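Input: a single structure, listed below in structure tokens.
Here the structure is a predicted model, which means the values were calculated and not measured.
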Amino acid sequence: MFATTTSLALALALTLTQQEVTPAEPPVPSAVVETPAPSEPVSAEATAAPAPESALATEEDPGKRQLSRITLKDGQELHGVVVRQDNRIVVVELADGDRLELPARQVKSIVAERNAQVRDNGEIWFQDPNRTRYLYAPSGMMLRQGEGYFSQKELFFSSINYGLTDHITLQAGAVLPAWLIDGGFNLIGGVKVGASVGDKLHLAVGAQGLVLPGLSGGGFGSTVGFLFGTATYGTPDAHLSVALGKPFMLSNNQDAISPYYIVAVSGNVRVTQRLALVTENWLVPNLDVNLGGELPMLNSLAVRIFGESWAVDLGAIRVPGTIIPIPWVDFAYNFG
């Protein structure tokens, strides 16, 4: 499992490197185009003439280009990549590769489809709605305001995450079956705050707190949790994260976990429109436990099958000192 996740990490690094060498181009303007009709008809020569460089919406990365919705004044809607735009014409490349020249006076609005992209082979890919998370650990990417997801992990742990703003995400959850047991009350709450620095660097910090039964003999248990910071590099389709976490416990047993910290290295590679490979690896460097020479590290690898509003993770977690990995199953429903 460790060798497999290492190979996936190398593949992810190569993917990110290949993306980095492609020069970034200015994004397609999403402003509404409202141009008065010219006093004279536009000639063929004028329509074909190149526009000033400042007025053009040039092509983006040919491997992943911004899809736009073009609404005409007669009510028609087109979907394609705006490759050129000035005060006379709008040139749209359709999904089949054909280019359509539209007089600017016929165009009512151009709006970027933030959740869809056109690949270089003509396929239209929706944005991966699971870009903000791996198996459990978060990435540095944020939910947009109004976006969210419900997750059911291992058939027991239920949680919901909601984008309060583009930069603040709230989380709430619990192991609901435990509520049926005497003294089994538990609850999780969390907050994540982050922002993007450029197109490919995403930073976030946050905290999670869990109320668990029986840790200090109280009826509602003790509160444990961790503070974390995450740095993510890449795009929604291929990204690598390094996170640092510090556990804490609000009880008389604070000293039991206070010396430790957690390092997590996670990655995600989208291999097809509806399939991704996800790895998440947790290391406790200063944990003094005899593991027969193995590092105190949890390794995981999963296949993520997903659509525009749902995702299923099927994978395994390897625990040091064990031969048979623990199965991992997670279902998520995305909304907003």
>> Once rounded to the nearest 0.5 Å, what's the spacing between atom CG of Leu102 and atom CZ of Arg105?
In response: 11.0 Å

>> Within a 6.0 Å radius of atom CH2 on Trp310, are there more than 12 heavy atoms belonging to other residues, nucleotides or ligands?
In response: yes

>> Is a donor from one side chain sitting under 3.5 angstrom from an acceptor on the other, for Gln152 and Ser158?
In response: yes

> Can you name the nearest heavy-atom pair linking Ser266 to Ala137, along with the distance?
Replying inline: OG-CB, 4.4 Å

> Hey, any chance Val205 and Phe248 share a hydrophobic cluster, counting ILVMFWY side chains that come within less than 4.5 Å of each other, even indirectly?
Replying inline: no

>> Do Val193 and Leu201 sit in one hydrophobic cluster, given that two such residues count as connected whenever their side-chain heavy atoms are within less than 4.5 Å of each other, even indirectly?
In response: no

> Would you say Leu72 and Val82 are hydrophobically clustered, going by side-chain heavy atoms of ILVMFWY under 4.5 Å?
Replying inline: yes

>> With a 4.5 Å cut-off on side-chain heavy atoms, are Val303 and Leu275 touching?
In response: yes

>> With a 4.5 Å cut-off on side-chain heavy-atom distances among I, L, V, M, F, W and Y, is there a chain of contacts connecting Ile188 to Val191?
In response: no

> Is Met142 close to Asp166 at the side-chain level, that is, under 4.5 Å between some pair of heavy atoms?
Replying inline: no

> What are the two closest non-hydrogen atoms of Gly140 and Ser241, and how far apart are they?
Replying inline: N-OG, 4.3 Å

> Do you know the tightest heavy-atom contact between Leu67 and His79?
Replying inline: CD1-C, 4.0 Å

> Could you give the distance from OG1 (Thr279) to CG (Asn299), rounded to the nearest 0.5 Å?
Replying inline: 7.0 Å

>> As a test of understanding, state which of His202, Lys200, Arg131 forms a side chain to side chain contact (heavy atoms under 4.5 Å, CB included) with Thr232.
In response: His202

> So which of Arg304, Glu280, His239 actually passes side-chain hydrogen bond (donor to acceptor under 3.5 Å, both in side chains) with Tyr134?
Replying inline: His239

> Can you list the steps and then say if Gln171 with Lys192 is a side-chain contact (heavy atoms from CB on, under 4.5 Å)?
Replying inline: CA-CA 8 Å; Gln171 181 190 48; Lys192 174 182 165 187; over 6 Å; no

> Do Val278 and Asn130 come within less than 4.5 Å of each other through their side chains, counting heavy atoms only?
Replying inline: no

> Should we say atom CG of Leu180 is surrounded by more than 12 heavy atoms from elsewhere, each under 6.0 Å from it?
Replying inline: yes

>> If you compare all heavy atoms of Pro236 against all heavy atoms of Gln127, which two are closest, and at what distance to 0.1 Å?
In response: CG-NE2, 3.9 Å

> Which heavy-atom pair separates Gly148 from Leu143 by the least distance, and what is that distance?
Replying inline: CA-CD1, 4.0 Å

>> Please check this pair: side chain of Asn281 against backbone of Met297, looking for a donor-acceptor N/O pair closer than 3.5 Å.
In response: no

>> Just so I know, are the side chains of Val92 and Val83 near enough to count as touching, which here means a heavy-atom distance under 4.5 Å?
In response: no

> Hey, what do you get for CG (Leu164) to OH (Tyr162), rounding to the nearest 0.5 Å?
Replying inline: 7.0 Å

> Checking side-chain contact (heavy atoms from CB on, under 4.5 Å) for the pair Val329/Leu314: CA distance, chi angles, key distance, verdict?
Replying inline: CA-CA 5 Å; Val329 180; Leu314 302 173; 4.3 Å; yes

> Is there a side-chain contact between Glu101 and Arg99, using heavy atoms and a 4.5 Å cut-off?
Replying inline: no

>> A side-chain contact here means heavy atoms from C-beta on lying under 4.5 Å apart; do Val269 and Val271 qualify?
In response: yes

> Got a second to check how far Gln145's CD is from Thr169's OG1, nearest 0.5 Å?
Replying inline: 11.0 Å

> Using a distance-only test with no angle check, is there a side-chain donor-acceptor pair under 3.5 angstrom linking Ser151 and Asp330?
Replying inline: yes

> Any donor-acceptor pair under 3.5 Å linking the side chain of Trp328 with the backbone of Glu154?
Replying inline: no

>> Return the OG to OH distance between Ser309 and Tyr333, rounded to the nearest 0.5 Å.
In response: 5.5 Å

>> Side chains of Met141 and Asp128, heavy atoms from C-beta outward: is any pair under 4.5 Å?
In response: no

>> Checking Tyr233 against Leu240 for the side-chain contact (heavy atoms from CB on, under 4.5 Å) test, could you report, in this order, the C-alpha distance in whole Å, the side-chain angles of both residues, the deciding distance, and whether it holds?
In response: CA-CA 5 Å; Tyr233 182 80; Leu240 181 69; 5.5 Å; no

>> What's the separation between atom CZ in Phe150 and atom CG in Asn334, rounded to the nearest 0.5 Å?
In response: 12.0 Å

> On the ring face of Phe126, is Arg270 found with NZ or CZ under 6.0 Å from the centre and within 45° of the axis?
Replying inline: yes

>> Could you report the tightest heavy-atom contact between Thr230 and Pro138, atom names first, then the distance?
In response: CG2-O, 3.7 Å

>> What I'd like to find out is whether the side chain of Ser300 reaches to under 4.5 Å of the side chain of Tyr136, using heavy atoms alone.
In response: no

> Are Phe306 and Leu135 grouped together when hydrophobic residues (ILVMFWY) are joined by side-chain heavy atoms under 4.5 angstrom apart?
Replying inline: no

> How are the rings of Phe226 and Trp282 set to each other: parallel, tilted or perpendicular (split at 30° and 60°)?
Replying inline: perpendicular

>> side-chain contact (heavy atoms from CB on, under 4.5 Å), that's the test. Do Leu170 and Asn161 meet it? Break it down for me.
In response: CA-CA 6 Å; Leu170 302 180; Asn161 289 257; over 6 Å; no

> Are there more than 12 heavy atoms of other residues, nucleotides or ligands under 6.0 Å from atom CZ of Phe156?
Replying inline: no

> Is the backbone of Ile70 close enough, under 3.5 Å, to the side chain of Ser68 for a donor and an acceptor to pair up by distance?
Replying inline: no

>> Between Gln106 and Pro103 (side chain of the first, backbone of the second, donor and acceptor by atom type, cut-off under 3.5 Å), is there such a pair?
In response: no

